[in-house]
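So the structure is just underneath, and the comments pick up after that.
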Amino acid sequence: MQAEQAMAQVLVQGDLRPCTRLLLPLLLAATAVSAVASPAERDLYALSKLKSSLLSRSARNSTSLADWDMIKSSSHYYYHCNFSGITCDATNGHRVVAINLTGVPLPGGVLPAEISLLDALSSLTVAGCSSLSGPMPASLSSMPLLRRLNLSVNNLAGPFPSPPPDAAAAAYFPSLEVLDVYNNNFLGPLPPLGGSRLLHHLHLGGNYFTGSIPEAYGDMEGLVYLGLQANSLSGHVPPSLSRLRRLREIYLGYYNSFDGGISPEFCELDALVLLDMSSCGLTGIGGGGRTP
Ligand SMILES: *[C@@H]1O[C@H](CO)[C@@H](O)[C@H](O)[C@H]1NC(C)=O
Ligand SMILES: *[C@@H]1O[C@H](CO)[C@@H](O)[C@H](O)[C@H]1NC(C)=O
Ligand SMILES: *[C@@H]1O[C@H](CO)[C@@H](O)[C@H](O)[C@H]1NC(C)=O
Ligand SMILES: *[C@@H]1O[C@H](CO)[C@@H](O)[C@H](O)[C@H]1NC(C)=O
């Protein structure tokens with residue numbers, strides 16, 4: 001709702017002034033934007049917010065996203081589907097289904113909350129975009145169809161968004177299969193992803209997460225890859241992880257400092273081919289983990 005209010009406000013202020021044809025209905029009904037804007041119009045609005053946030057510190061100079069031409073988009077239906085890094089679904093109302101910005105320099109750029117207006121989005125990659133910063137918008141965690149979220153190798157910071165207190169566990173990243181936030185500056189507790197039964201690749205390594213590994217991580221039945229290395233984790237490694245029968249690779253080492261050993265149940269992880277716990281204080285089975 002907040003995003004929609006902001007949308008109305010920006011339109012009224014004339015941020016998108018040239019977009020009169022496509023967005024005129026919005027200007028006329030700023031109080032009921034969601035009822036009036038078509039899904040494609042909302043996608044376009046969200047992309048305009050995305051562009052201005054990603055380029056917030058370098059807007060005037062940057063050649064990044066130069067082909068994201070908001071003016072042309074406002075008068076050519078679905079023109080935004082041709083923007084670099086954008087994929088639309090040709091069969092279903094030309095909704096934006098994937099964004100892949102890999103290696104685009106976005107110094108000081110941030111991700112806007114309005115990104116969640118892209119409610120058909122299935123894959124979001126903004127990776128290795130030198131010095132993308134700021135927090136991860138909490139609104140990402142409720143995007144209904146988001147299956148793949150890859151924000152690796154950036155400078156995102158602050159706590160990882162947690163679910164709203166009243167939300168059902170299943171409403172938190174409801175469709176997530178791949179989460180890669182490797183190598184950012186997230187801190188605080190690990191995200192409460194235990195309810196994410198579809199998740200198969202989870203990489204939270206190379207951040208500043210603290211506290212212990214949640215017991216509930218043993219509920220992520222589909223997990224094949226779990227990277228928690230190079231954080232500031234502590235406590236016991238929960239024996240519940242031995243329930244992850246599909247797990248092939250688990251990385252726990254570097255900078256983390258766990259107590260105790262690895263529970264013998266880990267021997268039951270038939271699929272496991274790589275257990276890496278180099279220099280994280282653990283003893284017990286294994287111990288011969290390879291370095292990544
Ligand atoms: C824009 O470019 C000029 C000249 O290259 C540079 O001095 C200035 O700092 C740049 N501004 C930003 C916001 O990057
Ligand atoms: C996308 O670009 C192609 C080639 O430049 C053009 O033919 C097509 O009309 C464009 N599509 C839209 C929706 O603007
Ligand atoms: C994103 O683009 C990069 C190259 O620019 C490619 O290597 C990568 O596979 C793409 N990822 C997705 C999810 O499409
Ligand atoms: C995340 O994106 C980067 C850059 O496109 C890529 O190298 C990496 O493999 C991706 N991670 C996953 C899990 O696909």
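Every number for a ligand or one of its atoms is a count from 1 in the order of the listing.
- Contact annotation for atom 9 (O) of ligand 4: protein absent (non-hydrogen atoms, distance under 4.0 Å).
- Ligand 4 has no atom lying under 4.0 Å from any heavy atom of G128.
- The residues R148 and D180 are annotated as not salt-bridged, no charged nitrogen and carboxylate oxygen being separated by less than 4.0 angstrom.
- Side-chain N/O atoms of E215 and Y217 include no donor and acceptor closer than 3.5 Å.
- When each atom of ligand 4 is checked for a heavy atom of H201 under 4.0 Å away, the hits are 13 (C).
- Near S152, meaning under 4.0 Å from any of its heavy atoms, are these atoms of ligand 4: 1 (C), 2 (O).
- When hydrogens are left out, the protein atom nearest atom 12 (C) of ligand 3 is N100 ND2, 3.3 Å; that is the closest non-hydrogen contact.
- The number of heavy atoms from other shown groups lying within 6.0 Å of CZ (R95) is above 12.
- Less than 6.0 angstrom separates the ring centroid of Y251 from the ring centroid of Y225.
- Of the N and O atoms on the side chains of N183 and S152, not one donor lies less than 3.5 Å from an acceptor on the other residue.
- Distances from atom 14 (O) of ligand 4 to the protein include at least one heavy-atom value under 4.0 Å.
- Residue-level proximity to ligand 4 for H203 is absent, since no heavy atom of it falls below 4.0 angstrom.
- Considering each of L101, T102, D180, L202, the one bringing a non-hydrogen atom nearest atom 4 (C) of ligand 4 is T102.
- Both L156 and L179 belong to a common hydrophobic cluster when Ile, Leu, Val, Met, Phe, Trp and Tyr are linked at side-chain heavy-atom distances under 4.5 angstrom.
- Where the criterion is an N or O separation shorter than 3.5 Å, residue side chain and backbone included, N150 meets it with respect to ligand 4.
- In summary, the aromatic rings of F258 and H236 are positioned with their centroids too far apart to meet the 6.0 Å limit.
- Those atoms of ligand 4 that come under 4.0 Å of a heavy atom in R148, given as number and element, are 14 (O).
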